[in-house]
Structures are given as C-alpha cells and as structure tokens.
Amino acid sequence: MSQKFDHHAAEARWQAAWDAAQSYRADDDSAKPKAYVLEMFPYPSGRIHIGHVRNYTMGDCLARTRRMQGFEVLHPMGWDAFGMPAENAAMERGIHPGGWTRDNIAAMRAQLKRLGFAIDWSRELATCEPEYYGQEQALFLDLLAAGLVYRKESAVNWDPVDMTVLANEQVIDGRGWRSGALVERRKLSQWFLRITDFAEELLEGLAGLDAWPDKVRLMQENWIGKSQGLRFTFQVADSDSSFDVFTTRPDTLFGASFAALAPDHPLIAELAAGDPGLAAFVAEARAGGTSAADVETQEKKGYDTGLSVIHPLDPAIRLPVFAANFVLMDYGTGAIFGCPAHDQRDLDFARKYALPVTRVVAPEGEAETPVQNEAYTGPGRLVHSRFLDGMDVDSANAEVIARAEADGWGQGVTQYRLRDWGVSRQRYWGTPIPIVHCAACGAVPVPRDQLPVVLPEDVSFDIPGNPLDRHPTWGRVDCPSCGAPARRETDTLDTFVDSSWYFIRFASGPVDRPFDPEIAARWLPVGQYIGGVEHAILHLLYARFWTRALHRIGRIGITEPFAGLFTQGMVTHETYQAPDGRWLSPDEVDIRGGVASIIGSDAIASIGRSIKMSKSKRNVVDPDAIIATYGADAVRWFMLSDSPPERDLAWSESGIDGAARFVQRVWRLASDLAEAGTTAGDADPKLARVVHKTIAAITGDIDKLQFNKAVARLYELTAAIERADASPTRDEAIPVLLRLVAPMAPHLAEEAWAAVGQPGLIVDAPWPVADPALLVDDMVTIAVQVNGKLRDSFEAAKGAARDAIEAEALARDKIVRALDGKAPKKIVVVPDRLVNLVA
RNA sequence: GCGGACGUGGCGAAACCGGUAGCCGCAGCGGACUUAAAAUCCGCUUUCCCCUGGAAGUGCGGGUUCGAGUCCCGCCGUCCGCACCA
C-alpha cells in the first residue's frame with residue numbers, strides 16, 4: 001500500500017525544482033498586481049532559533065498564497081549584520097567580526113533554505129557589505145546636505161575600562177555590564193538625525209496606519225509624547241540671568257512656590273563653580289542611577305542656590321531657586337516651576353524643604369480644603385488666583401498663555417518627548433560615518449566618488465576601545481576641501497540606521513545608487529510586515545522617519561514604509577527542573593501522561609509553565625534537529641497551528657508529533673488516489689459544499705493572518721474527505737486540499753500534486769476559488785429556547801417563514817413539556833437561527 | 001505611578017453584528033487491526049446530579065436585554081509598554 005511520505009527526499013527534490021524554475025524570483029517588470037511581504041530580517045547570531053522559524057513561516061505562508069492568487073510577490077531576505085555581538089565574539093575568540101558574521105550568515109542561510117521558504121535569494125543583502133553600507137553613506141550625506149543631520153556635544157555613558165560608550169541598557173547599577181567598571185558621564189561630539197523635525201507628522205501619520213496593531217500605534221504615540229503648554233522666562237532677581245521653564249499647567253502659576261533646575265542645567269554649572277556645596281550636590285545627583293527601580297526609590301532632593309526669581313504675573317512675588325535631582329535636563333527646558341498643591345513630585349519636594357503649599361484648583365466647595373499628602377490633579381475651578389478665580393482649568397490655561405504672549409514673557413508651545421536620534425557609535429563593526437575632520441574646514445563630507453568609506457580589515461580587538469581610533473593609516477586622509485592633512489571620523493552609525501531602509505534596497509538595489517525610485521515605487525510600501533513587538537518603537541519609528549526624510553528631500557514617493565504590520569508572539573517551551581533545582585533540557589526528560597521522568601535516573605522532574613526560551617532555563621529547542629526528525633513541512637505546520645499568531649506559541653513534542661501525523665494523513669489521501677485512479681459515478685454535493693466553504697473560509701483566514709483557524713479548517717476538510725465515499729467530487733477535492741495546504745506545507749503539496757498527476761508545480765497553480773452557489777445551505781438548524789435556555793432544535797428550510805418556524809417550535813414534544821401547558825407570553829423569532837419562547 | 005492587552009475544559013484554543021459555548025489540535029480513556037509492538041482507524045472526553053433526563057458553567061460582583069463569552073459599571077488577577085516627561 002501507500003508508502004510513508006519521505007520528507008528528506010521530497011524536500012531535496014522540490015527545493016531543487018523551485019531553484020531551477022526560479023519560482024520565487026520577483027519580476028520588477030511584471031504586469032501582475034504586486035505584493036510585498038516582508039519579515040524583519042535577522043541578526044546573524046549564528047543559528048536560526050525557533051522564533052525566526054515562526055516569523056518566516058507566517059510570512060512565507062502569506063507570500064505563497066499571494067503568489068497562487070496571481071500576485072507578483074516580493075519576498076526577500078537579508079541580514080542585519082553589523083552590531084556588537086560580532087565585536088564581542090572578536091574579543092573573546094580573537095577572530096575578525098567580519099569572518100564571524102559571514103560564517104554565521106552562511107550557516108543561517110542554509111538553515112532557512114532547509115525550511116523551503118519562498119524567498120527571492122537574488123535580492124539577498126547583508127548590511128555589513130560595502131555594497132550596502134556604501135549606499136547608506138550616500139543617503140547619510142544626502143540628509144546632511146538637506147540639514148537633517150547635525151553634530152553636537154552630548155553626554156554618553158563611558159566605560160573607562162572597555163573604553164567604549166554604553167547604551168543605557170548596558171549600564172547595570174552604574175557599572176559597565178562587561179567590565180564592571182563605574183560608568184562615567186562624558187561629553188562627546190556626536191552626530192544626530194533631526195527626527196524631532198518630524199515629530200508632528202510621525203504622530204499624525206499613525207492615524208492612517210489602520211493595518212497596524214493599535215498597541216504599536218499607541219506605543220509610538222506615547223514615545224513621541226506630545227504635550228501642549230506654556231514656555232516662559234524667569235528673571236533672576238537682582239541679576240541679569242534668566243532661564244526658561246516649560247509647563248503644561250500654566251493655570252497653576254499662582255500656586256508656584258519654588259523654581260527648580262536640573263543638576264546638568266548650564267546655570268547650575270555656572271553657580272557650582274563658586275559654590276562647593278552645590279558642586280557636591282550635582283556630583284551626587286549624577287551618581288544616582290537612572291534605572292526604573294532607582295528612580296522609584298530615589299528621594300526628591302534639592303539644593304537651595306540662594307537665588308530667587310520674579311513671578312511673571314506679579315513682580316512682588318519671589319520664588320526660591322533650587323537645583324533638584326528630579327528635574328531632567330533632556331525634557332522641556334531642564335527647568336520647572338514647582339506647584340506643590342497640584343503636582344505630586346513638587347509636593348514631596350515642598351514638604352521636605354518646608355515650602356508653601358497653596359491650593360489654586362478646587363472642586364466645588366473645597367476652595368479652602370488644604371492639600372495634604374496627595375497633590376490634587378483633578379478638575380475644578382481656579383481659586384486664590386486673582387484674575388483666574390472661577391475659571392475652569394482649560395480656560396485658565398488659555399488665559400495665562402494669552403497674557404504671556406500679549407505681555408511678551410512667554411508663549412504657548414508644543415513639546416515632544418521624542419529627542420533627536422543620536423547615531424554615533426564608538427565602535428568598529430558598523431557603517432563608517434563618511435566625514436573627514438579638518439582643522440581648517442571642520443567636518444567635511446567625503447566626496448561621492450570616494451564612497452564607500454570601507455572598514456579596514458586589518459584591525460585587532462586585543463586592546464579595549466575602538467580599533468578604528470588606533471589604526472595606523474585608515475584615519476589619515478587629506479581634507480577633501482582644502483587638501484591639508486585631516487582625519488577620518490572614526491565613529492560608526494547606529495545599526496538602527498542600517499535597518500531603516502533595507503526594505504527599499506530589497507525593492508530596488510542598483511550598484512551605483514541606493515535605489516531606483518521608479519522601480520522602488522512599484523513595490524513600496526511593504527504590504528505586510530511581520531516581526532516581533534520588541535521593535536514596536538525604535539526600529540519601526542526610525543524606519544518611518546527615514547522614509548519621511550527621503551520623501552522630504554524628494555527621493556521617494558511614499559511617506560509610510562509599511563502599510564500593514566503584524567507583531568507575532570514568541571515561541572515558548574515548558575521548563576523542567578530536577579529535584580535538586582537544576583534546570584533540565586527537553587531531551588533530558590521523558591514525558592508520559594503529564595509526568596516528566598528524568599532519563600537515566602528514577603527521579604521525576606517538575607514541569608514548569610511554558611515560558612520564553614532561554615539558555616539559562618535550558619528550554620531551548622534547535623530547529624535543525626527538529627527539521628531533520630519531523631521534516632520542514634511538519635515544523636511549518638506546527639508553527640501555524642494551535643495558537644493565534646499574535647499570541648505566544650507553546651512548543652511541545654506532542655504538538656509537533658500531531659503536525660507530522662497530519663502531513664502523513666494528507667499524503668495518504670493523495671497516494672491512495674494516485675493508486676486507485678479516478679472514480680466514475682455521481683457527484684457528492686455534500687462534500688462539494690464542505691470543500692467550497694473551506695476554500696472561502698481559509699482564504700479569509702489567511703488574509704487576516706489567522707493561520708490557526710486556517711489550520712483547524714484544513715483538519716476538518718481532511719477528515720471530511722477521508723470519510724467521504726469514493727466519487728468524482730472526492731477525486732477533485734484532493735487536489736483542492738493540496739492547493740490549500742501548499743502555502744503551509746509546500747514540499748508535501750508538490751510531492752502529492754505530482755503523485756496525483758497534476759501538471760506543473762503546485763506553487764504555480766492558481767489558488768482555488770469558492771463557488772458562491774455552494775456556500776449557502778438550503779437547510780438550517782433552528783434552536784428553540786424557553787426563557788433563553790436551549791430546549792430543542794430542528795432542521796428547517798433556509799428562509800422558512802416566521803409563522804412556520806414558530807408553529808413547528810411550539811409543536812415539538814420537548815417544548816410542550818417544557819412549557820408545561822402554559823402559553824408563552826412572548827415569542828422571539830430570529831429567522832434561520834432560533835425561536836425563544838418567554839413563558 | 002501612567003498607558004494598554006488579556007482572563008473560556010486537564011492544556012493550546014474556536015464562537016460572524018448580542019442568538020445552540022467549547023470547532024480543531026494536544027493530552028487522557030475505551031475499542032478495532034496485530035502473535036506482539038509501532039503505525040493506522042473508530043468512539044468517548046466542561047463539571048455535577050436523583051442520568052430516556054436535569055442543573056450549573058466563559059476570573060469575581062452587579063446591570064442592560066426575550067437572550068450576554070460578546071455591551072455597560074465596579075472589583076480581582078496575569079502579562080506587556082513607558083517611567084521623576086513638569
């Protein structure tokens with residue numbers, strides 16, 4: 001009888017066949033409608049992990065479906081290949097980051113190919129190659145020329161041992177994560193991109209992204225952090241100095257009892273020079289951690305500068321000026337006025353330093369109720385505020401802003417939390433910033449004909465710090481402008497720059513330019529982008545910004561790069577722990593009947609809940625091993641089944657067993673048909689209905705990326721075909737099933753398609769189309785409820801008259817019994833659905 | 001602290017617009033085939049009870065409705081994001 005489906009042979013055979021036919025090559029010149037399906041490209045860490053497999057399987061399923069539906073599909077793959085892990089590997093093993101990265105890419109590419117993804121490999125790119133980053137340098141210079149790039153001094157976290165800049169996440173308890181050295185704040189001259197110029201349009205653009213998850217839009221909205229308020233100047237009494245503050249609550253100005261400046265504020269720096277106490281306070285404030293936990297527990301502290309400022313609405317009022325640890329230099333103006341009654345932080349501060357607390361907003365009748373330990377931030381009317389008294393908060397805000405503008409001491413402004421994007425990294429393994437520093441000419445762009453600025457290969461990582469800084473020759477160049485000896489910029493670009501435009505380069509990647517706008521326009525924007533939520537803010541915001549920046553300088557026609565976005569869940573796995581608390585890997589236990597016995601011992605492991613795979617919990621599974629055992633199709637099938645794609649998927653041995661079983665079931669259907677040949681006789685209208693309903697449902701499910709539902713329906717269809725008696729309908733149903741399965745299990749589908757004698761490759765076969773006539777049933781089940789409780793049900797012709805249904809319902813034995821002789825007070829009839837009798 | 005999502009069998013989950021809760025899969029139980037096992041196939045599988053049937057049931061408590069997993073109000077819990085943002 002039928003042989004088992006041999007996944008090893010089928011995978012090799014069909015992957016070769018697709019390659020030979022160049023099945024997944026995207027044709028720029030195709031007349032077909034275009035579909036651009038993209039998954040976030042991976043960092044080449046060394047091995048594909050199961051999360052990647054899930055991500056790419058989803059995209060692949062969609063891409064394959066679109067292909068069969070007649071779209072010209074662009075489904076590319078590349079490598080986000082610059083970044084720290086390569087440098088860390090270089091330091092640890094004394095190898096070159098480039099070699100390490102390229103080896104990893106080769107290994108991971110082979111892994112992806114084993115899964116049979118429908119990828120146009122001719123468009124593959126790696127961001128670490130000069131062909132890519134050289135074009136990025138060109139775009140950087142374009143943005144520089146357009147004034148969207150600038151250079152300024154900025155504080156960084158400096159690790160004095162590793163001689164490198166650390167990201168905030170790399171600073172743990174004030175120490176470098178790798179060296180353990182106390183981190184210093186250093187000022188460095190760094191390059192910035194003017195993303196804040198785009199704050200408003202990035203915010204407004206979110207409204208149009210209706211195929212994005214609300215969650216991501218909201219996260220971006222919060223990140224941009226728009227707020228409106230008043231910016232005004234405080235004059236320091238008996239002095240020429242002044243400073244600006246920003247507030248969203250100008251209405252509470254009469255409740256002000258102090259002003260406070262960030263420890264990093266320039267005015268504080270000035271004063272600290274002559275005030276050792278203040279200098280000590282500043283040093284102490286800087287030492288305080290910036291982590292969430294630190295901030296939460298940190299006490300509000302201040303230092304009285306001895307200065308006072310003049311209240312803008314009444315020169316007679318003077319407010320003391322403090323340096324305060326809770327005022328941030330990088331939001332607003334780095335200075336505030338404190339209104340303790342209506343701001344919790346100000347209240348805490350005021351209590352500590354015995355400053356007045358004056359209520360200026362109160363709900364009805366509470367004007368004289370003192371504010372105790374909780375600041376009042378609710379609605380109400382202004383009190384103790386002279387000309388503002390009696391106004392509501394909004395009117396008072398507007399009134400104060402109007403006066404400030406009329407009298408010239410302040411103005412209404414919109415403030416954003418978003419800051420300009422600092423892109424300088426003091427590292428080797430990144431895109432060199434194409435700038436030359438000349439003593440006479442300043443920062444000079446590298447001329448276009450000298451791009452790319454290529455990273456030198458002869459570098460070593462045995463000494464800490466950026467090897468570009470100590471390279472003997474690379475940094476020495478002549479100034480492109482005056483010809484005098486000059487030095488290269490040794491900083492490289494943040495790797496988020498690399499990933500901000502790769503999707504454009506996929507659409508069009510000429511050798512002499514970053515992209516061809518006309519060709520790129522044929523594909524962009526990306527129709528469906530799929531990746532993890534962890535990129536909800538940074539990557540997705542930067543890519544949106546980069547696209548808008550290119551749009552502003554006339555390089556591209558679109559403003560939004562990703563029309564549709566889907567954020568998929570993680571793949572999790574149960575955890576196993578030995579009685580002594582040691583974590584066990586899945587292949588150290590044998591699970592039967594919910595009990596995990598430890599292999600090679602008679603002890604029982606405790607089973608923990610399914611959580612994110614991590615090395616420390618040892619609950620990681622290796623895709624390669626699983627593909628070898630179960631086959632690519634079973635793995636792909638499992639990745640799409642069970643859990644909704646936006647939720648986490650719990651990997652389990654039994655789950656993948658089930659998937660492998662299904663592959664065999666489909667294969668059996670096909671090979672039995674191949675053996676038996678076609679059937680003569682009558683059609684099977686019941687089966688035909690099932691087939692067509694399934695076609696319609698699955699098409700919709702895949703459109704909505706609800707792969708788990710599509711999978712459930714395919715199980716049902718398979719079961720229905722298995723159960724059906726031989727008929728021409730059944731013979732036709734099997735190739736339909738194969739086409740529906742093809743996006744998920746393509747090797748199986750090809751093998752079976754060939755076995756049943758269908759012509760050509762199934763990947764080129766058209767997607768089945770449901771016959772609308774077969775989607776409607778002529779009989780429906782009517783539920784009969786008494787007082788809302790189901791008592792009976794019966795079959796009726798679809799569209800049957802209300803009276804007839806009502807009469808039938810009342811005549812049913814069970815209903816007569818349930819009503820117990822009483823006449824219903826009310827009868828609700830929902831045609832084709834139910835009858836509810838209210839007794 | 002602020003913002004958001006979610007909560008349904010032993011488990012992963014379905015359920016169009018408010019209309020028969022639990023499709024499908026996993027695990028489990030029973031059976032068939034087999035010398036046996038594997039594989040495969042068939043059946044059962046929310047809980048409880050006085051079991052030809054009945055009651056309860058979608059985190060908890062209320063409400064709207066002929067009818068609520070779905071809508072409204074208030075809690076509880078879990079997860080995620082941001083975090084001294086003036």
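Being a predicted model, the structure only gives us computed values, none of them experimental. A, B, ... follow the sequence lines: proteins, then strands. Residue 1 opens every chain.
We find that CD of A:Glu646 is positioned 11 Å from P of B:G7, with the value rounded to whole Å. Whole-Å rounding puts the A:Phe638 CZ to B:A27 P distance at 11 Å. One interatomic measurement links the two molecules: CG of A:Asp701 to P of B:A13, which rounds to 17 Å at whole-angstrom precision. Per the geometry, CG belonging to A:Asp330 stands 13 Å off C1' belonging to B:A86, to the nearest Å. For A:Lys789 and B:G53, the NZ to C1' distance is 15 Å, given to the nearest whole Å. The separation between A:Gln706 atom CD and B:G12 atom C1' is 16 Å, rounded to whole Å. Distance A:Met639 CE to B:G25 C1': 14 Å, rounded to the nearest Å. Rounded to an integer number of Å, the gap from A:Arg417 CZ to B:G81 C1' is 11 Å.
Residues A:Asn222 and A:Ser793 both approach RNA chain B. Their nearest nucleotides, taken by heavy-atom distance, put A:Asn222 toward the 5′ side. Summary of the strand contacts: A:Arg249 and A:Ala783 both lie near RNA chain B, and taking for each the nucleotide with the nearest heavy atom, the more 5' one is attributed to A:Ala783.
Of the possible polar contacts, none joining the A:Arg417 side chain to the A:Ile224 backbone as a donor-acceptor pair under 3.5 Å is found. A:Arg812 places no side-chain N or O within donor-acceptor distance of the main-chain N or O of A:Val784, the cut-off being under 3.5 Å. Between the A:Asp343 side chain and the A:Asp346 main chain, a donor and an acceptor come within less than 3.5 Å of each other. Checking side-chain atoms of A:Asp264 against main-chain N and O of A:Met329 turns up no donor-acceptor pair under 3.5 Å.
At the heavy-atom level, A:Tyr715 lies under 4.0 Å from the strands shown only through sugar-phosphate atoms. Within the nucleic acid shown, A:Thr781 comes within 4.0 Å of at least one base atom, counting heavy atoms only. Here A:Leu328 lies in heavy-atom contact (under 4.0 Å) with a base. Among the protein residues, A:Val327 comes within range of the nucleic acid bases, having at least one heavy atom under 4.0 Å from a base atom. As judged by a 4.0 angstrom heavy-atom cut-off over every strand, A:Gly658 is placed among residues touching the sugar-phosphate backbone only.
Here the nucleotide nearest the side chain of A:Trp223, chosen from B:A83, B:U40, B:G25, is B:A83. Nearest to the side-chain atoms of A:Arg661 among the listed nucleotides B:G19, B:U40, B:A86 stands B:U40. The side chain of A:Val830 sits closest to B:G19 out of B:G19, B:A86, B:C41. Looking at the side chain of A:Thr248, the nearest of the listed nucleotides B:U40, B:A86, B:C24 is B:A86. Distance from the side chain of A:Ser654 is smallest to B:A27 among B:U20, B:A27, B:C84. For A:Ser643, the listed nucleotide lying nearest its side chain is B:A13; candidates were B:A13, B:G25, B:A86. Counting only heavy atoms from C-beta on, A:Ile537 has its side chain closest to B:C82 among B:C24, B:C82, B:A86. Comparing atom distances between the A:Pro644 side chain and each of B:U20, B:A14, B:C23 picks out B:A14 as nearest. The side chain of A:Lys300 approaches B:C84 more closely than any other nucleotide in the set B:C26, B:A86, B:C84. Checked against B:C85, B:A13, B:U20, the side chain of A:Arg419 finds its nearest nucleotide in B:C85.
Across all strands shown, B:G1 pairs with B:C82; the Watson-Crick or G-U wobble distances both stay below 3.5 Å. Summarising the base pairing, B:C6 is matched to B:G77 through a Watson-Crick or G-U wobble pair whose two defining distances lie under 3.5 Å. B:G18 is unpaired under the Watson-Crick or G-U wobble criterion, no partner having all donor-acceptor distances under 3.5 Å. Within the shown strands, nothing qualifies as a pairing partner of B:U34 under the Watson-Crick or G-U definition with both distances less than 3.5 Å. Nucleotide B:U58 has no partner under the Watson-Crick or G-U criteria, as no pair reaches both atom distances under 3.5 Å.
B:U45 and B:U35 have their P atoms separated by 32 Å, given to the nearest Å. With P as the reference atom, B:U8 and B:G61 are 16 Å apart, rounded to whole Å. As rounded to the nearest Å, B:G62 and B:A14 have C1' atoms that lie 29 Å from one another. For B:A86 and B:G12, the P atoms lie 40 Å apart once the distance is rounded to whole Å. B:A15 and B:C23 have their C1' atoms separated by 8 Å, with the value rounded to a whole Å. For the C1' atoms, the distance from B:C42 to B:U46 is 23 Å, rounded to whole Å. Spacing of C1' atoms, B:G9 relative to B:G28, comes out at 13 Å, to the nearest Å. Distance check on atom P: B:C72 versus B:G7 gives 14 Å, rounded to whole Å.
For B:G9, the base is syn relative to its sugar; the glycosidic angle is within 90° of 0. Its glycosidic angle being within 90° of 0, B:C51 falls on the syn side. Taking the O4'-C1'-N9-C4 or O4'-C1'-N1-C2 dihedral as appropriate, B:C17 has a value within 90° of 0 and is therefore syn.
We find that A:Arg217 and A:Asp214 are joined by a salt bridge, their nearest charged nitrogen and carboxylate oxygen being less than 4.0 Å apart. Ion pairing between A:Glu284 and A:Lys301 holds under the 4.0 Å rule for side-chain N and carboxylate O. Ion pair A:Asp777/A:Lys798 not flagged as a salt bridge, since none of the NZ, NE, NH1 or NH2 atoms sits closer than 4.0 Å to an Asp/Glu carboxylate oxygen.
In this model, the phosphate group of B:G43 is not approached by any side-chain N or O of A:Arg723 to a distance below 4.0 Å at OP1 or OP2. Within the 4.0 Å cut-off from OP1 or OP2 of B:C23, not a single side-chain nitrogen or oxygen of A:Arg713 is found. Contact check, A:Lys709 against B:A15: a side-chain N or O comes under 4.0 Å of OP1 or OP2. The shortest distance between the side-chain N/O atoms of A:Asn708 and the OP1/OP2 oxygens of B:A14 is below 4.0 Å. Residue A:Tyr331 places at least one side-chain N or O under 4.0 Å from the OP1 or OP2 atom of B:A86.
More than 12 heavy atoms of other residues, nucleotides or ligands sit less than 6.0 Å from atom NZ of A:Lys226.
The six-membered or imidazole ring of A:Tyr630 lies away from that of A:Phe638, with a centre-to-centre distance of 6.0 Å or more. Two rings, from A:Phe566 and A:Trp212, have their centers 6.0 Å or more apart. Centroid-to-centroid, the aromatic rings of A:Trp667 and A:Phe662 stay 6.0 Å apart or farther.
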Below 3.5 Å is the cut-off: list the nitrogen or oxygen pairs between protein and nucleotides 63-67 of chain B, distance only.
from: B:C66; atom 1: O2'; to: A:Asn836; atom 2: ND2; distance (Å): 3.1
from: B:C66; atom 1: O2; to: A:Asn836; atom 2: ND2; distance (Å): 2.7

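Take A:Lys352 and apply the salt bridge (charged side-chain N to carboxylate O under 4.0 Å, His left out) test, not counting sequence neighbours, and it matches A:Glu299.
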